J.: 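I'd like to ask some things about the structure below.
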Amino acid sequence: MKLSQFFLPTLKEVPSDAQIASHRLMLRAGMIRQTSAGIYAWLPLGLRVLRRIEQIVREEQNRAGAIELLMPTIQSADLWRESGRYDDYGDEMLRITDRHQRDMLFGPTNEEMITDIFRHAVRSYRDLPRNLYHIQWKFRDEIRPRFGVMRGREFLMKDAYSFDLDAAGARRSYNRMFVAYLKSFARMGLKAIPMAADTGPIGGDLSHEFIILAETGESEVFCHADYLARDWAGDVDYEADLQPLIDGLTALYAATDEKHDAAKFAAEVPEDKRRSARGIEVGHIFYFGTKYSEPMGAVVAGPDGNDIAVEMGSYGIGVSRLVGAIIEASHDDNGIIWPASVAPFDLGLINLKPGDDTVDEQCALLYAQLQAAGRDVLYDDRDERAGAKFATMDLIGLPWQLIVGPKGVKAGTVELKNRATGERLELPPAAAIERLLA
Ligand SMILES: Nc1ncnc2c1ncn2[C@@H]1O[C@H](COP(=O)(O)OP(=O)(O)O)[C@@H](O)[C@H]1O
Ligand SMILES: [Mg+2]
């Protein structure tokens, strides 16, 4: 993509109403534009990142055996009356009336709708287990939308719902999602720590929030420092019994403030390992048994022919929140530093002297070669000062910058800069390409 033809409305001034780094940087880098309180348009650069995060989430959900579908944003109030949540949900629900005076709503979540789809389609225990998910916009009329996409009113969520015959099956489904979450966040370059979370009236131990530590996080959390050194990657056989793995992963203390037990924390964690910090919730998994299946009649015929209400769990990831969360975890004074896996482009190519034939030619050649090799290149071919070009590239945070100027072209070199380390290398164009394609 040539920057001269792209749509990248960057801001020079620091927006005064944005309180945290990710919000400021997303506005400055031309990733989003607020259209109403807590509602944002995703501009081309932001959309690219959103889509990449979404795709990582999708791939890991699929790998864990979840099946994608797509439910609508607008739902009928009657479904929510069946579960009893229509009145309970309160002011966070955006209620809508259609032309026939029917009560509708913009979905804040989809438990009712997926339970409805399931009960009409599945009759036998032989069709279990199943895990169905979608990646869809939600609306919650938050009292205090803030921090940009971190707490929006409209936001993109991946929500999965598991259906099992019994509690042991539900635990297996839960465990698969637990592992899929760790793998998803690790692929985005994040250290997300699974923390015991409130289970509400269901009780038990099957609720975890996945939390990234950040000063600007909204939740207060407590954990063993060794979680921060963990490497969550690695292959997992989803057909195997995951319980021993999960027991190992959750052996150290980690809890959100609702579940925090100060005495236990002090007893289990050596003083120098105790971390109390702010955290950003990027995902939440939850087992809730028959909370929806019972009132809504989502039953299957069991092996003995008797009806059994299915055991359910739900599993959310804040896809749009992650864009901000990744920036909170990875930026410096000059701008964003994207992990390669979610970067909007693989690299930026900077032409320091557009109009100079030799420089233009060298840039055109590099641009063509990198594109032919499947790299997504943002080519800054604009007629702008070098300083402005460097500042823009640093701000939007692409992992690499390939810099081409008249002096270098004469000497047969280009400059390759790593955005994260700041390291700059002068090398022949072919060597630069080789490095970028490695
Ligand atoms: N207002 C919001 N803006 C952006 N992301 C949100 C918002 N509310 C929830 N999310 C994301 O969706 C995920 C699942 O939502 P859920 O656990 O139901 O939300 P909550 O914890 O706010 O009740 C959360 O872990 C979070 O990452
Ligand atoms: Mg939550």
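Note that this is a predicted model, so its numbers are computed, not measured. The analysis underlying the following values was restricted to heavy atoms, covering all of them including side chains, and did not include hydrogens, waters or symmetry mates. All ligand and atom numbering here is 1-based and tracks the order in the structure. Positions are given from 1 along the sequence.
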J.: Starting from atom 26 (C) of ligand 1, which protein heavy atom do you reach first, and at what distance in Å?
T.: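 I find the closest protein heavy atom is Arg321 NH1, 3.4 Å.
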J.: Could you tell me which N, O or S atom of His284 is nearest to the Mg ion (ligand 2)?
T.: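 Result for His284 and the Mg ion (ligand 2): ND1.
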J.: Please verify whether a non-hydrogen atom of Val282 lies at under 4.0 Å from ligand 1.
T.: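 Yes, Val282 has a heavy atom closer than 4.0 Å to ligand 1.
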J.: Kindly confirm or rule out an N or O of Gly316 lying under 3.5 angstrom from an N or O of ligand 1.
T.: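 No.
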J.: For atom 13 (C) of ligand 1, find the nearest protein heavy atom and state the residue, atom name and distance (0.1 Å precision).
T.: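 For this ligand atom, the closest protein heavy atom is Gly318 N, 3.9 Å.
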J.: My understanding is that we take every heavy atom of each candidate and find the minimum distance to atom 3 (N) of ligand 1. Doing that for Gly152, Ala197, Pro108, Pro145, which one comes out nearest?
T.: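 When every heavy atom of Gly152, Ala197, Pro108, Pro145 is considered, Gly152 comes closest to atom 3 (N) of ligand 1.
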J.: On the ring face of Phe106, is Arg153 found with NZ or CZ under 6.0 Å from the centre and within 45° of the axis?
T.: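 The answer is no; the distance or angle limit is not met.
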J.: Around atom 15 (O) of ligand 1, find the nearest protein heavy atom and jot down its residue, atom name and distance.
T.: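 Looking at atom 15 (O) of ligand 1, the protein heavy atom closest to it is Met157 CE, 3.6 Å.
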J.: Can you classify the ring geometry of Tyr89 versus Trp80 as parallel (below 30°), tilted (30 to 60°) or perpendicular (above 60°)?
T.: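 It falls in the perpendicular class, over 60°.
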J.: Strictly under 2.8 Å, is any N, O or S atom of Glu281 next to the Mg ion (ligand 2)?
T.: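 Looking at Glu281, which is the residue asked about, there is an N, O or S atom under 2.8 Å from the Mg ion (ligand 2).
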J.: Provide, to 0.1 Å, the distance between atom 18 (O) of ligand 1 and the closest protein heavy atom, together with that atom's residue and name.
T.: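 Nearest protein contact, heavy atoms only, for atom 18 (O) of ligand 1 is Arg140 NH2, 3.1 Å.
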J.: Can you check whether Gly297's main-chain N or O pairs, donor with acceptor, with Arg119's side chain at less than 3.5 Å?
T.: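 Side chain of Arg119 to backbone of Gly297: no pair is present.
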J.: Taking Leu322 as the fixed residue, which of Val342, Leu190, Ile280 is the one that meets the side-chain contact (heavy atoms from CB on, under 4.5 Å) rule?
T.: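 In the set Val342, Leu190, Ile280, the residue that makes a side-chain contact (heavy atoms from CB on, under 4.5 Å) with Leu322 is Leu190.
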J.: Counting heavy atoms only, which part of Val149 comes closer than 4.0 Å to ligand 1: side chain, backbone, both or neither?
T.: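 Val149 to ligand 1: backbone contact only, side chain stays beyond 4.0 Å.
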J.: Which part of Arg153 is near ligand 1, with near meaning a heavy atom under 4.0 Å away: side chain, backbone, both or neither?
T.: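 Answer for Arg153: neither.
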J.: Can you tell if the side chain of Gln401 reaches within under 4.5 Å of the side chain of Arg419, non-hydrogen atoms only?
T.: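 In short, these two side chains touch, coming nearer than 4.5 Å.
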J.: Nearest protein heavy atom to atom 8 (N) of ligand 1, by residue and atom, and its distance?
T.: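 Checked against all protein heavy atoms, atom 8 (N) of ligand 1 sits closest to Phe155 CZ, 3.5 Å.
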J.: Return the orientation label for the Phe288 and Tyr292 ring planes: parallel under 30°, perpendicular over 60°, tilted otherwise.
T.: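 Perpendicular, since the angle between the ring planes exceeds 60°.
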J.: Does any N or O in the side chain of Lys389 come within less than 3.5 Å of the main-chain N or O of Arg382, such that one atom is a donor and the other an acceptor?
T.: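 Yes; at least one donor-acceptor contact below 3.5 Å.
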J.: Is Ser320 reaching over with its side chain to a backbone N or O of Phe155, donor-acceptor style, under 3.5 angstrom?
T.: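 Not at all, since once roles are kept as given, no pair shorter than 3.5 Å links the two residues.
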J.: Nearest non-hydrogen atom to atom 25 (O) of ligand 1 belongs to which of Glu92, Arg146, His284, Glu281?
T.: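 Minimum heavy-atom distance to atom 25 (O) of ligand 1 goes to Glu281.
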J.: Return the orientation label for the Phe210 and His208 ring planes: parallel under 30°, perpendicular over 60°, tilted otherwise.
T.: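 Judged by the thresholds at 30° and 60°, the geometry between Phe210 and His208 is tilted.
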J.: Please write down residue, atom name and distance for the protein heavy atom closest to atom 4 (C) of ligand 1.
T.: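 In this structure, atom 4 (C) of ligand 1 has Met150 O, 3.3 Å as its nearest protein heavy atom.
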